[in-house]
Amino acid sequence: MAETVTNVSEYQAIAKQKLPKMAYDYYASGAEDEWTLKENREAFSRILFRPRILIDVSTIDMTTSVLGMKISMPIMISPTAFQKMAHPEGEYATARAASAAGTVMTLSSWATSSVEEVASTGPGIRFFQLYVYKDRKVVEQLVRRAEKAGFKAIALTVDTPRLGRREADIKNRFVLPPGLTLKNFEGLNLGTMDQANDSGLASYVAGQIDRTLSWKDVKWLQSITTMPILVKGVITAEDARLAVHSGAAGIIVSNHGARQLDYVPATISALEEVVTAAQGRIPVYLDGGVRRGTDVFKALALGASGVFIGRPVVFALAAEGEAGVRNVLRMMREEFELTMALGGCTKLSDITRNHIFTEGDRLGRPLPRM
């Protein structure tokens with residue numbers, strides 16, 4: 001099958017054929033009208049290149065570092081829940097593929113494999129995505145387990161005090177398929193999701209996730225772990241400044257794959273505002289809508305230190321398991337390398353704001369007030 005797949009997006013149609021409707025809809029859908037879901041992709045198409053020519057591009061170096069750790073390329077894997085719903089090997093396959101590609105895998109709190117199980121797949125740089133539960137002892141236990149299992153950072157999701165209105169999940173009365181549990185919470189009697197009249201996940205979140213979460217909790221998290229904390233879900237300059245102030249190690253510009261508040265801007269549209277506000281004090285990463293090597297280049301030109309991909313991974317996992325995820329990472333890498341060559345850049349630091357032309361540039365629109 002890999003022979004016929006020529007780009008990352010083609011895996012989505014294959015996944016749609018292979019997966020039960022409830023599972024596919026869970027991965028594919030966004031909140032409410034899904035305006036932001038479409039915009040996460042479409043906003044990239046409004047950014048054009050200003051390539052430079054007659055530059056020796058015979059060797060191209062895509063290596064970079066994240067929080068001081070070397071990775072092979074600025075393309076990493078976002079946390080996505082319930083990967084065994086896509087493929088029996090689930091998070092194991094994703095972890096091995098990320099490790100083989102020399103990049104980061106972020107494990108979801110709601111993984112169907114535990115931090116210990118993922119660590120057992122072998123070496124690799126792994127981050128742990130954290131949802132803060134009402135029971136803080138549960139959180140402390142989980143963070144300690146992740147640290148002990150060799151995870152290198154925490155991606156604290158901050159845009160989910162409540163679950164967004166995902167109408168496909170409500171229609172399907174989404175619940176985890178039989179035999180699958182939230183593995184990290186299994187021993188704590190929080191691993192199962194009950195059937196509900198609407199989305200079982202929404203009911204679970206309402207019951208378990210702490211709506212009081214605030215900036216002071218970023219400090220609290222720092223007091224219980226030595227792992228650096230990335231704040232995932234920032235899309236404004238104001239919150240970028242607060243993230244720097246709170247001692248975050250980095251920011252992930254994310255709108256939760258357009259699954260939370262609809263009609264927020266695409267992450268690529270919010271990126272420059274956040275980068276400007278962070279003033280180079282901490283790295284800013286982009287998550288959302290990345291499907292092409294050209295998208296990666298555009299994000300870096302706007303100041304991102306790297307990108308995270310989510311849906312491409314679960315769709316490829318559903319289509320071909322570990323081989324699919326490896327193929328996604330390979331295709332993204334090759335496209336990005338080609339974009340660098342054709343743009344006249346031989347290393348990541350060569351990629352500048354001058355290499356792109358945005359809608360705002362065309363309209364002579366200033367950046368939002370800082």
Starting at NZ of K38, measure out to CG of D262 and round the result to the nearest 0.5 Å.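 With rounding to 0.5 Å, NZ (K38) is 8.0 Å from CG (D262).
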Residue pair E10 / T6, side-chain donor-acceptor N/O under 3.5 Å: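 Yes, T6 and E10 have a side-chain donor paired with an acceptor closer than 3.5 Å.
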Only one of T267, N40, T36 clears side-chain hydrogen bond (donor to acceptor under 3.5 Å, both in side chains) with N255; which?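 Per the side-chain hydrogen bond (donor to acceptor under 3.5 Å, both in side chains) rule, the option paired with N255 is N40, out of T267, N40, T36.
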What distance separates I251 CD1 from D239 CG, expressed to the nearest 0.5 Å?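 Those atoms lie 9.0 Å apart.
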Identify whether I268 and L48 are in the same connected component of the hydrophobic contact network (ILVMFWY, side-chain heavy atoms under 4.5 Å).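 No, no single cluster joins them.
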Does anything in residues 336-347 pair up under salt bridge (Lys or Arg N to Asp or Glu O under 4.0 Å), and if so which pairs, sequence neighbours excluded?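 The answer is K347-D350.
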Can you name the closest pair of heavy atoms from S246 and Q222 and give their distance?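 Smallest heavy-atom distance, with atoms named: O-OE1, 3.4 Å.
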Please report the interatomic distance CG(L163) to CZ(R259), rounded to the nearest 0.5 Å.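 Rounded to the nearest 0.5 Å, the CG-CZ separation comes out at 8.0 Å.
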Between atom CG of L317 and atom OG1 of T94, what is the distance when rounded to the nearest 0.5 Å?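 L317 CG to T94 OG1: 4.5 Å, rounded to 0.5 Å.
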Name the orientation class of the two ring planes belonging to H355 and F297 (parallel below 30°, tilted from 30 to 60°, perpendicular beyond 60°).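 Answer is perpendicular, since the angle exceeds 60°.
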If every non-hydrogen atom of L213 is compared with every non-hydrogen atom of R136, which pair is closest and at what distance?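 Heavy atoms only, the tightest pair is CD1-NH2, 4.3 Å.
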CA sep, side-chain torsions, deciding dist, call: R330, E334, salt bridge (Lys or Arg N to Asp or Glu O under 4.0 Å): CA-CA 6 Å; R330 179 190 60 78; E334 287 174 2; 2.9 Å; yes
How many angstroms lie between SG in C345 and CE in M62, if you round to the nearest 0.5 Å?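 Answer for the SG-CE pair, C345 versus M62, is 12.5 Å.
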Show the atom names and distances, to 0.1 Å, of all donor-acceptor pairs under 3.5 Å that link a side chain in residues 280-290 to residues at least two apart or in another chain.
residue	atom	partner	partner atom	Å
R281	NH1	Q279	OE1	3.4
D287	OD1	S254	OG	3.1
D287	OD2	S78	OG	2.6

Y263 and D33: side-chain donor and acceptor closer than 3.5 Å?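 Yes, D33 and Y263 have a side-chain donor paired with an acceptor closer than 3.5 Å.
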Check: Y24/Q12 side-chain N/O donor and acceptor closer than 3.5 Å: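 There is such a pair between these side chains.
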Where the side chain of E34 meets the backbone of G30, is there a donor-acceptor pair that is under 3.5 Å apart?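 Side chain of E34 to backbone of G30: a pair is present.
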Relative to each other, are the rings of F151 and F128 parallel, tilted or perpendicular (30° and 60° limits)?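 Ring orientation, 0 to 90° scale: perpendicular.
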If we ignore hydrogens and angles and just use 3.5 Å, is the side chain of K134 paired with the main-chain N or O of G207 as donor and acceptor?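 Yes, the answer is positive, given that a donor and an acceptor are paired below the 3.5 Å cut-off.
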Hey, are Q260 and R166 close enough side-chain-wise for a donor-acceptor pair under 3.5 Å?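 Indeed, the side chains of R166 and Q260 share at least one donor-acceptor pair under 3.5 Å.
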Is a side-chain N or O of K232 found less than 3.5 angstrom from the main chain of V253, in a donor-acceptor match?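 No, because the side chain of K232 does not come within donor-acceptor range (under 3.5 Å) of the backbone of V253.
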Distance in Å, F336 CZ paired with I60 CD1, rounded so as to fall on 0.5 Å steps: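 Nearest 0.5 Å value for the CZ-CD1 distance: 9.0 Å.
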If you count the non-hydrogen atoms of other residues, nucleotides and ligands that lie under 6.0 Å from NZ in K70, is the total more than 12?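 At most 12 heavy atoms, drawn from other residues, nucleotides or ligands, come within 6.0 Å of this atom.
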Going by side chain to side chain donor-acceptor pair (under 3.5 Å), name the residues that satisfy it together with K21, two or more places apart in sequence or in a different chain.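 Here the qualifying residues are D25.
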For the residue pair T157 / Q129, report whether a side-chain donor-acceptor contact shorter than 3.5 Å exists.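 Distance-only check passes for Q129 and T157.
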Might you confirm whether atom CZ of R353 has over 12 heavy atoms from other residues, nucleotides or ligands at distances under 6.0 Å?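 It does: R353 CZ has more than 12 such atoms within range.
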Write down the atom of R311, the atom of S29, and the distance for their closest heavy-atom approach.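 Scanning both residues completely, I find the closest heavy atoms to be NH2-O, 2.9 Å.
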Verify, without hydrogens or angle tests, whether S99 (side chain) and A95 (backbone) share a donor-acceptor contact under 3.5 angstrom.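 Judged by distance alone, no pair lies under 3.5 Å.
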Under 3.5 Å: donor-acceptor pair, side chain of K298, backbone of I47: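 It does hold such a pair.
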Search all heavy atoms of A155 against all heavy atoms of I252 and return the closest pair with its distance.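 Closest heavy-atom pair between A155 and I252: CB-CD1, 4.3 Å.
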Looking only at side-chain N and O atoms, does N327 offer a donor or acceptor that is under 3.5 Å from a partner on Y11?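 On atom types as modelled, these side chains qualify, holding a pair under 3.5 Å.
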Quiz: residues 100-108 side-chain donor-acceptor pairs under 3.5 angstrom, not counting sequence neighbours:
residue	atom	partner	partner atom	Å
T103	OG1	I75	O	2.7
T106	OG1	I77	O	2.8
S108	OG	W110	N	2.9

If hydrophobic clusters are built by linking Ile, Leu, Val, Met, Phe, Trp and Tyr wherever their side-chain heavy atoms come under 4.5 Å apart, do I55 and L300 end up in the same one?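 Yes.
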T181 side chain vs E186 backbone, donor-acceptor pair below 3.5 Å: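 No; zero donor-acceptor contacts below 3.5 Å.
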Surrounding CZ of R41 (heavy atoms of other residues, nucleotides or ligands, distance under 6.0 Å), is the total greater than 12?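 More than 12 within 6.0 Å, yes.
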Expected output: side-chain D295 to main-chain R292 donor-acceptor under 3.5 Å: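 Checking the backbone N and O of R292 against the side chain of D295, a donor-acceptor pair under 3.5 Å is found.
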Answer with yes or no after comparing the ring centroid distance for Y27 and F82 against a 6.0 Å cut-off, counting only values under it.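 No, too far apart.
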Is there a side chain to side chain contact (heavy atoms under 4.5 Å, CB included) between F315 and I14 once you walk through the steps? CA-CA 8 Å; F315 292 144; I14 301 168; over 6 Å; no
Check: T160 side chain, R162 main-chain N or O, donor-acceptor pair, under 3.5 Å: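 No: the side chain of T160 does not pair with the backbone of R162.
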For E320 and K18, what are the C-alpha separation, side-chain angles and deciding distance, and is it a salt bridge (Lys or Arg N to Asp or Glu O under 4.0 Å)? CA-CA 10 Å; E320 309 187 279; K18 283 199 145 180; over 6 Å; no
Quick one: side chains of residues 142-149, donor-acceptor pairs under 3.5 Å with protein atoms, not counting sequence neighbours, listed by atom name and distance.
residue	atom	partner	partner atom	Å
R144	NH2	E140	OE1	3.4
R145	NE	E116	OE2	2.9
R145	NH1	N184	O	2.9
R145	NH2	E116	OE1	3.0
E147	OE1	T225	OG1	2.5
E147	OE2	T226	OG1	2.6

Output side-chain donor-acceptor pairs under 3.5 Å for residues 86-93, partner residues at least two apart or in another chain, one line each.
residue	atom	partner	partner atom	Å
H87	ND1	E89	N	3.0
E89	OE1	R96	NH2	2.7
E91	OE1	T112	OG1	2.9
E91	OE1	S113	N	3.3
E91	OE1	S113	OG	2.7
E91	OE2	Q83	N	3.1
E91	OE2	T112	N	2.9
E91	OE2	T112	OG1	3.1

Nearest heavy-atom pair of V313 and V325: which atoms, and what distance?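 In terms of heavy atoms, the two residues are closest at O-CG2, 3.9 Å.
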Please check if L329 and L338 belong to a single hydrophobic cluster, counting links between Ile, Leu, Val, Met, Phe, Trp and Tyr side chain heavy atoms closer than 4.5 Å.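 No.
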Side chain to side chain contact (heavy atoms under 4.5 Å, CB included) for M85 and V314? Distances and angles first, verdict last. CA-CA 9 Å; M85 193 167 73; V314 284; over 6 Å; no
Same cluster for V57 and M73 if Ile/Leu/Val/Met/Phe/Trp/Tyr side chains link at under 4.5 Å?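 Same cluster: V57 reaches M73 through Ile, Leu, Val, Met, Phe, Trp or Tyr contacts under 4.5 Å.
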Give a yes or no on whether V244 and L242 share a hydrophobic cluster (residues Ile, Leu, Val, Met, Phe, Trp, Tyr; joining criterion: side-chain heavy atoms under 4.5 Å apart).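 The answer is yes; both residues are in one hydrophobic cluster.
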Do the side chains of L348 and M340 get nearer than 4.5 Å, heavy atoms only?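 Yes, their side chains come closer than 4.5 Å.
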Side chain E32, main chain R165, donor-acceptor under 3.5 Å: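 It does not hold such a pair.
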For S269 and P265, indicate whether the former's side chain and the latter's backbone hold a donor-acceptor pair under 3.5 Å.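 No.
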Residue pair A28 / L37: nearest heavy atoms and the distance that separates them: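 Minimum heavy-atom separation between A28 and L37: O-CD2, 3.6 Å.
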